[in-house]
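We name chains A, B, ... by the order of the sequence lines, and we start the count at 1 in each one. Note that the structure is a prediction, hence the values are computed from the model and not measured.
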Amino acid sequence: MSSTPATRPQSRLLAGIRLYRILLSASVRARMQYKLDFVASATIQAVTGLYDYFVIAVILWKFDTVHGWDIYEIGLLYAVSRVGWGLYRIFCDEIERFENYIVRGDFDSVLIRPWPSLFVLLSRNIDLTRLGWLVQGAGVGAVSARALLRAGVLSWAGVGHLVVACVSTGCLFLAVGMATASAAFKIVRIEELQVFTENASSTATLYPLDIYPGWLRKMLLWVIPLGAGNYVPVRHLLGKGGTWVNLALPPVAAALSLCLATHLWHLGESRYHSTGS
Amino acid sequence: MSGQAQQLAVRTSRLKKSYFVQVRKPGFLGGLRMLVSQETREIQAVKDISFDIRPGEFVGYIGPNGAGKSTTVKMLTGILHPTSGEVLVNGRSPQRARQQIAREIGVVFGQRTQLWWDLPTVDSFDILSAMYDVRPADYKAFQKEFDDLLGLGEFLDTPVRRLSLGQRMRAELAAALIHRPSVLFLDEPTIGLDVMAKGRMREFLTKINEERGVTILLTTHDLRDIEELCERVMVINHGSLVYDGALASLRDQAGLPTLLTVKYARLPEKLMPGLYIGPKGEVLDRPHDGAWCVLAINAEARTVDVHFDRSQSTAPAVLMAMQALGEIRDVSLAEPLIEDIIKRLLEQP
């Protein structure tokens, strides 16, 4: 006499959304249990992030502009990058920490669930302390946008495009993060690789890509395409060149990158099925 | 329904799993040469395994470390893909239908948690019930039932990371059963638990197997688990099944002798290895009914090792017999090692 699973016919999408909602509220409740820790953690992250902006600000204070970009214009680049990064780290933190899953064999626990492994990972944890990045980025963005709106360089429609760019950048970070995590299936330890693909490249895109040699510019647009999320649209919004294509590029680049990254992930996963951990 | 062939819970057929590892090169430059070389060596974790498990069976799966137990279970749960051979769980391949099968099986890894570490225990249950689309009414029933059976109520609000091992294993078991799977895979679930916690877990497993018909495959190092829970046991060694049958026959073939070591104030002169001790303390030169074999004697330590079978005698009975031979200073008991059982099995014609 075998027991039957207690399931209900329900569309997968609805079930996924419901699951995600439950996880979100569980994460919030867990964090709120330690209010002081949450506030401290978020604040520290915000302050750490602002340090990068501080460096930029000092440089610009000394040199007025960098390749024709002033502090508010660079502030927009900064804001889109940081808000995108914050979105990625809030919702997809487990991908960032994927190395542990391979080292400790915890990926097995992901594979016994009735969902695709990516979904299980993405829904495992929602880290609200990363709001620090988001808030800090949005703050810099607000200050910069206000100045640029006043100066007539930026329009309100442009602000809408900036929001799209933020979300697209978040997706680009996810794609880069997923592709890097896929490497863990083969090489296990990916911490240094992450520093290169994520930290170094995102810091590089805080500055206008004009300042870099051609090969680096191409790399930040085509290989680790974080530049496609902030530099490309912001450049056009500020009247520095480009066309409406610049504004359409971020979501397109994000979608393509996510497809490629998902493909890499599945390759890695089938390798895991062959070789274990 | 009578007349209809029951689908097997698990079927494996000529299951094989090999890994390819780089050949180790010796010497100082060996590490560098390994980087460039493509030479690989095949390690056969599972060689050629076939077995069937019918619904409702409680099967023990034992073997020394590295024998291939975990590899087998990982192939049954869809984590690993076999190199060759076939695996079916409830009639479907875990490799091709991983997500569907995941709804029908429960898994507990003894040394790894599947719960959300920082959240209260109850949150893990909430999340899992959403993950497996468990109806609210069924979830409520689960909560009540398992609180009665496992006493979960006392630590539902405690974060998982603060639970004791015994509490955590109870929570893991419950979590694996929220969605009422028909097959349960347990990988060393009693490891590290104290005697009482083990007993409680064994009671629980017996209950769900007998009352709910959940098919259970239990991997363990503790032979007491097997003795108390399983009627059928499979023994794996170096990737091959060396035994698959009733526990009682295993005992007959290989014996499951417990080792009793007794330290005397003065060694009884009559005792020698190969002799037997009768129930009244008499020394015999051949095995009579109920006599126990003297395995070894250590003159310096003044100890005598005796083998006895738990299913036929009790430790106090053996002790009483040995007390008749002299004053006892110290006693220790050791359970049979799986390696010894396998050695005995392989010695069989």
Side-chain angles (χ1 to χ4, degrees), chain A residues 1-12 14-34 37-38 94 100-101 103-117 119-120 123-127 129 269-277, chain B residues 6-7 9 17 19-20 45 55-56 70-71 74 77-81 83 90 95 98-107 109 111-114 116 118-120 123-124 126-135 137-139 141-142 159 177-183 185 208 212-215:
Chain A
M1 229 182 2
S2 64
S3 51
T4 50
T7 56
R8 160 174 54 181
Q10 198 177 7
S11 89
R12 288 280 265 187
L14 280 177
I17 292 173
R18 174 177 162 233
L19 176 58
Y20 205 71
R21 216 168 20 92
I22 290 182
L23 262 142
L24 185 58
S25 74
S27 292
V28 172
R29 264 180 297 125
R31 275 299 176 174
M32 289 308 128
Q33 277 179 8
Y34 308 100
D37 170 66
F38 171 75
E94 292 302 287
N100 285 330
Y101 281 82
V103 168
R104 295 203 297 236
D106 288 340
F107 193 57
D108 293 348
S109 307
V110 170
L111 288 174
I112 58 158
R113 300 297 181 205
W115 292 89
S117 61
F119 178 70
V120 177
S123 56
R124 206 168 155 73
N125 186 31
I126 289 158
D127 192 347
T129 59
E269 199 179 333
S270 59
R271 186 175 197 281
Y272 187 86
H273 286 311
S274 274
T275 60
S277 62
Chain B
Q6 244 187 341
Q7 180 180 269
K17 183 67 189 160
Y19 298 108
F20 291 90
S70 289
T71 308
K74 286 186 189 181
T77 51
I79 294 171
L80 286 179
H81 290 187
T83 307
N90 284 344
Q95 282 69 50
R98 178 182 72 79
Q99 291 179 40
Q100 284 100 301
I101 288 188
R103 290 184 186 275
E104 298 168 20
I105 66 172
V107 186
F109 294 115
Q111 283 158 322
R112 278 203 287 275
T113 184
Q114 299 177 75
W116 276 253
D118 286 312
L119 300 180
D123 283 354
S124 286
D126 288 342
I127 293 168
L128 286 170
S129 89
M131 198 178 262
Y132 286 89
D133 289 321
V134 177
R135 266 186 279 252
D138 290 331
Y139 183 42
F142 155 83
L177 291 163
I178 286 184
H179 54 290
R180 308 195 79 124
S182 57
V183 184
F185 295 101
I208 59 163
R212 297 218 204 151
V214 177
T215 312

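Residues forming a ring-ring contact (aromatic ring centres under 6.0 Å, His included) with A/Phe107 (at least two apart in sequence, or on another chain): A/Phe98, A/Phe185, A/Tyr272. Applying the ring-ring contact (aromatic ring centres under 6.0 Å, His included) criterion to A/Tyr20, with sequence neighbours excluded, gives no partner residue.
With hydrogens and angles ignored, the 3.5 Å screen pairs a side-chain donor or acceptor of B/Trp116 with a backbone N or O of A/Arg124. A donor-acceptor contact shorter than 3.5 Å is absent between the side chain of B/Lys17 and the backbone of A/Thr275. A donor-acceptor pair is defined here as one N or O able to donate and one able to accept, closer than 3.5 Å; no such pair exists between the side chain of B/Arg103 and the backbone of A/Arg113.
Note that the NZ atom of B/Lys74 and the CG atom of A/Asp108 stand 4.5 Å from one another [nearest 0.5 Å]. Taking CG of B/Leu128 as the reference point, atom CG of A/Leu19 lies at 9.0 Å (rounded to 0.5 Å). Atom OG in A/Ser109 sits 7.5 Å away from atom CD1 in B/Ile79 (nearest 0.5 Å).
Residues B/Asp133 and A/Ala15 share a closest heavy-atom pair of OD1-CB, 3.6 Å. Minimum heavy-atom separation, A/Asp106 to B/Arg112: OD1-CD, 3.2 Å. Nearest heavy-atom pair across B/Met131 and A/Trp115 is O-NE1, 2.8 Å. Across all their heavy atoms, B/Ala130 and A/Ile22 have their closest contact at CB-CD1, 3.3 Å. Between A/Ile112 and B/Gln114 the shortest heavy-atom distance is CD1-OE1, 2.6 Å. Listed here is the closest heavy atom pair of B/Gln99 and A/Pro114: O-CB, 3.4 Å.
Neither the backbone nor the side chain of B/Thr83 comes within less than 4.5 Å of any heavy atom of chain A.
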